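This report refers to the structure that appears directly beneath it.
The model shown is predicted, which means the values in this text are computed figures rather than measured ones. Keep in mind that the numbers below use all heavy atoms, side chains included, and drop hydrogens, waters and symmetry copies.
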Amino acid sequence: MLKLVFIGIGGGIGSIFRYLASIWTEKFFQSDHYWATFGVNITGCLLIGFLSGLFDRNMNVSPEWKSLFITGFCGGYTTFSTFSAENLRLLQSGHVWTAVIYIAASIIVGLLAVWVGLLFSRYF
């Protein structure tokens, strides 16, 4: 149960940072939100890689703290970082085709799901 509390706290903080990063990017670059999303996705990937490596080397880090930072903060900041970390693990373990299919399916099915959601919204 404590682990869920840590995930919730980290997720809330990560979501706030996500919002602030978008505001900051749009303020200084005065562009579409696509650059903000790109920046958040890339910095989130960098952060999840750094934290995963750091926590893997320091075995005395509690599962709650790992949950706070990796699942909570990084997940609230961007789920793309988790997606990227999962695919890297697949590639590193030799599951190249699984990674390729996962990446392609996530993008294609994700776009289709948004489109279908938009279609459904017309009836409500």
Side-chain angles (χ1 to χ4, degrees):
M1 185 57 138
L2 184 59
K3 194 174 187 178
L4 291 176
V5 172
F6 274 73
I7 292 169
I9 291 168
I13 295 169
S15 296
I16 291 168
F17 271 74
R18 166 63 173 109
Y19 175 74
L20 293 174
S22 294
I23 297 297
W24 182 82
T25 303
E26 290 171 7
K27 179 180 176 184
F28 287 100
F29 294 103
Q30 298 180 0
S31 63
D32 291 332
H33 63 278
Y34 303 107
W35 284 112
T37 301
F38 180 78
V40 164
N41 286 341
I42 299 307
T43 57
C45 290
L46 178 67
L47 184 61
I48 202 169
F50 174 76
L51 292 173
S52 295
L54 186 67
F55 292 158
D56 285 348
R57 282 193 312 284
N58 296 307
M59 300 302 283
N60 59 348
V61 177
S62 75
E64 289 81 15
W65 285 105
K66 289 179 183 178
S67 296
L68 174 82
F69 288 107
I70 293 178
T71 306
F73 183 84
C74 289
Y77 186 62
T78 173
T79 56
F80 187 77
S81 60
T82 303
F83 173 74
S84 298
E86 288 173 346
N87 279 293
L88 182 61
R89 273 188 237 109
L90 285 170
L91 292 169
Q92 288 174 331
S93 65
H95 296 96
V96 175
W97 283 110
T98 302
V100 169
I101 291 168
Y102 181 34
I103 292 166
S106 294
I107 293 169
I108 293 167
V109 175
L111 288 170
L112 286 172
V114 171
W115 179 67
V116 169
L118 287 170
L119 290 177
F120 283 163
S121 73
R122 293 180 183 171
Y123 299 103
F124 294 92

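Residue Trp115 holds its CH2 atom at 10.0 Å from CZ of Phe120, rounded to the nearest 0.5 Å. Here Ile70 contributes atom CD1 and Leu51 contributes atom CG; the two are 5.5 Å apart, rounded to the nearest 0.5 Å. Here the CZ-CG distance, from Phe55 to Asn60, works out to 10.5 Å after rounding to the nearest 0.5 Å. A distance of 11.5 Å separates CD1 of Ile101 from OG of Ser106, quoted to the nearest 0.5 Å. The CZ atom of Phe38 sits 10.0 Å away from atom OG1 of Thr43, with the distance rounded to the nearest 0.5 Å. For the atom pair OG1 (Thr98) and CD1 (Ile103), the distance works out to 10.5 Å, reported to the nearest 0.5 Å.
The environment of CZ in Phe17 is sparse: at most 12 heavy-atom neighbours from other residues, nucleotides or ligands sit within 6.0 Å. Within a 6.0 Å radius of NZ in Lys3, no more than 12 heavy atoms belonging to other residues, nucleotides or ligands are found.
The heavy-atom pair separating Thr78 from Ser81 by the smallest distance is O-OG, 2.9 Å. Taking both residues in full, the closest heavy atoms of Ala21 and Val40 are given as CB-CG2, 3.6 Å, listed atom of the first, atom of the second, then distance. Minimum interatomic distance between Ser84 and Cys45 (heavy atoms only, all atoms of both residues): OG-SG, 3.4 Å. When all heavy atoms are compared, the tightest approach of Ala36 to Ser22 is CB-CA, 3.7 Å. Heavy atoms only, all atoms of each residue included: Ala99 and Leu91 are closest at CB-CD2, 3.7 Å.
Side-chain N or O atoms of Arg57 include one that pairs as donor or acceptor with a backbone N or O of Gly53 at under 3.5 Å.
Taking the ring-ring contact (aromatic ring centres under 6.0 Å, His included) definition, one finds that Tyr77 meets it with Phe73, sequence neighbours left out.
Leu46 and Ile48 fall into different hydrophobic clusters, where Ile, Leu, Val, Met, Phe, Trp and Tyr side chains are chained together by heavy-atom contacts under 4.5 Å. By the criterion of side-chain heavy atoms lying less than 4.5 angstrom apart, applied directly or through intervening Ile, Leu, Val, Met, Phe, Trp or Tyr residues, Trp97 is not grouped with Tyr102; the two fall into different hydrophobic clusters. Neither Val109 nor Val114 shares a network with the other; the hydrophobic side chains, linked directly or stepwise wherever heavy atoms of I, L, V, M, F, W or Y lie under 4.5 Å apart, form separate groups for each. Using a 4.5 Å cut-off between side-chain heavy atoms of Ile, Leu, Val, Met, Phe, Trp and Tyr, with links allowed through other members, Leu88 and Phe50 fall into different hydrophobic clusters. Note on Leu68: it clusters hydrophobically with Val5, by side-chain heavy-atom contacts below 4.5 Å among ILVMFWY residues.
Here the side chains of Ile9 and Ile13 are in contact, with some heavy-atom distance below 4.5 Å. For the pair Phe69 and Leu47, the minimum side-chain heavy-atom distance is 4.5 Å or more. Side-chain atoms of Asn87 and His95, non-hydrogen and from C-beta on, never get closer than 4.5 Å to each other.
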May I have the step-by-step check of side chain to side chain contact (heavy atoms under 4.5 Å, CB included) for Arg18 and Thr37, ending in yes or no?
CA-CA 9 Å; Arg18 166 63 173 109; Thr37 301; 3.1 Å; yes
